[in-house]
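Read the numbers this way: they start at 1 and go in the same order the structure lists the ligands and their atoms. The residues of the chain are indexed from 1 along the displayed sequence.
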Amino acid sequence: MRTLVKNIKELVQVEYQQRLRVCGKDMATLGTIKDAYLIVDGDRISEFGPMSELKEQSFDKEVNATGRMVFPSFCDSHTHLVYAGSREIEYIDKIRGLSYDEIAKRGGGILNSAKRVQEATEQQLYDDAVQRLEQMIRMGTGAVEIKSGYGMTTEAEMKMLRVIRRLKESSPLTIKSTLLGAHGIPMEYRGRQEKFVDLVVNEMIPRAAAEHLADYIDVFCDAGFFTVEDTERMLETGAKYGLRAKIHANEMACSGGIQVAVKYNALSCDHLEYTGDAEIACLLGSETMPTVLPGAAFFLNMHHAPVRKMMDAGLPVAMASDCNPGSSPSGNMQLILSFACVNYRMLPEEAINATTINSGYAMGVSDQLGSIAVGKRANFYITRPIPTYEYMPYAYGENKVERTFLNGVEV
Ligand code: NIG
Ligand code: FE
């Protein structure tokens with residue numbers, strides 16, 4: 001099947017040479033073509049350029065995009081979107097002044113979701129996740145990383161990972177799966193959390209690997225959660241089983257999480273509210289993508305990661321939704337673009353790079369997704385009529401996506 005999208009007001013994030021990520025001041029540049037066409041052959045992008053260069057040929061389907069722009073789909077490299085129930089009651093506790101930490105200490109937070117996931121059937125978890133994915137597709141997302149982490153027992157973690165595997169098989173989205181066995185410390189392990197780390201190392205990682213249920217391994221390495229030593233044990237075991245790391249780090253404190261991520265060549269380290277000069281120096285020259293989660297910082301009303309400073313130092317930055325019931329109950333990446341600009345003083349070009357090619361890198365798919373390039377997977381969206389690409393972050397809170405194509409097929 002060959003599809004032509006013609007009269008595109010502006011084709012955004014075009015690339016002629018493959019890049020896996022964009023760093024530092026290059027993040028402020030964005031390749032675009034005004035009055036453009038795009039040709040899709042099967043599930044791939046086969047050609048694009050200015051309308052004046054479009055050659056006479058026949059297509060199975062033609063889309064006239066007059067007044068509209070085309071963007072590569074967002075890559076959402078950090079989500080916890082398999083969960084049961086919602087946590088709006090804790091949200092009220094937070095409004096009344098309890099901290100995330102205090103809620104976690106009294107068994108709320110992650111443990112609250114864990115109880116519900118343990119009780120839920122696989123089918124119910126799957127059905128709820130499908131609905132969330134459908135909403136995300138309508139908002140322009142084309143690739144999603146999904147973590148386990150609300151299991152707390154080996155059985156419940158494997159159940160979550162099986163749900164993610166089923167989503168991979170049935171969804172048009174590109175999905176990556178991450179084992180986050182060490183997300184919280186169950187009550188019965190408080191004061192002897194090394195025993196819980198034993199469980200992750202001796203049971204969860206080997207089982208997830210034996211059943212090919214995970215692409216990556218994650219640990220919540222932060223003050224009040226898992227220590228650097230705990231994290232090292234789990235990442236070492238993960239590496240033995242071929243699982244590359246993606247780490248939750250430095251959300252609560254300068255926890256050493258960034259350093260341990262770099263030491264183990266993690267694909268990404270995420271959150272990063274507490275990032276100082278030593279952490280920036282450590283990330284420079286590494287292959288670890290610093291990933292900021294503006295939805296969680298907004299929802300928890302935290303201070304913001306020093307994104308401007310990181311980019312000025314030459315680092316790449318990725319951004320993802322962190323979609324989860326506790327700290328970021330939204331998978332809307334258009335909103336992330338707006339947060340990026342307003343809260344982190346990113347230019348629209350930087351925000352677009354952070355949510356496409358760089359977040360694609362952070363989930364290991366930027367060779368296939370995250371830009372408009374010949375040979376890449378045809379995951380893109382057509383906007384409704386908009387004046388400029390800067391309008392995308394500017395007009396926050398409304399859906400600017402009109403039509404979505406995944407694997408070359410309109411969904
Ligand atoms: O990425 N920081 C740790 N984990 C999640 C929160 C999960 C929850 O509160 O349920 C996060 O924000
Ligand atoms: Fe998270």
Atom pairs and distances, donor-acceptor, side-chain atoms in residues 22-36, under 3.5 Å, two or more places apart:
unit_1	atom_1	unit_2	atom_2	d
Thr29	OG1	Asp26	O	2.9
Thr32	OG1	Glu10	OE2	2.6

[X] bridged to [Y] by N-O distance under 4.0 Å:
| X | Y | value |
| --- | --- | --- |
| Glu203 | Arg207 | no |
| Lys309 | Glu279 | no |
| Arg19 | Glu15 | yes |
| Glu134 | Arg138 | no |

Tyr126, OH atom: more than 12 neighbouring heavy atoms under 6.0 Å: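 Correct, the count exceeds 12.
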Polar side-chain atom of Asp230 near backbone of Thr227 as donor-acceptor pair, under 3.5 Å: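 Yes, because the side chain of Asp230 sits within donor-acceptor range (under 3.5 Å) of the backbone of Thr227.
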Give a yes or no on whether the backbone of Arg44 and the side-chain of Asp41 come within a donor-acceptor separation of less than 3.5 Å.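 Such a contact is absent between Asp41 side chain and Arg44 backbone.
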What donor-acceptor contacts under 3.5 angstrom involve side-chain atoms of residues 74-82, with partners at least two apart or in another chain?
unit_1	atom_1	unit_2	atom_2	d
Asp76	OD1	Ser321	N	2.9
Asp76	OD1	Ser321	OG	3.4
Asp76	OD2	Ser321	OG	2.6
His78	ND1	Asp270	OD2	2.8
His78	NE2	His80	NE2	3.2
His78	NE2	His248	NE2	3.0
His78	NE2	Asp322	OD1	3.0
Thr79	OG1	Glu145	O	2.7
His80	NE2	His248	NE2	3.3
His80	NE2	Asp322	OD1	3.2

Hey, which residues fall under 4.0 Å of ligand 1 on heavy atoms?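 His78, His80, Arg87, Tyr100, Ile110, Tyr150, His183, Phe220, His248, Glu251, His271, Asp322, Asn324, Gly326, Ser327.
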For the Fe ion (ligand 2), every protein N/O/S atom that sits closer than 2.8 Å, waters excluded: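 Checking every protein N, O and S atom gives His78 NE2, His80 NE2, His248 NE2, Asp322 OD1.
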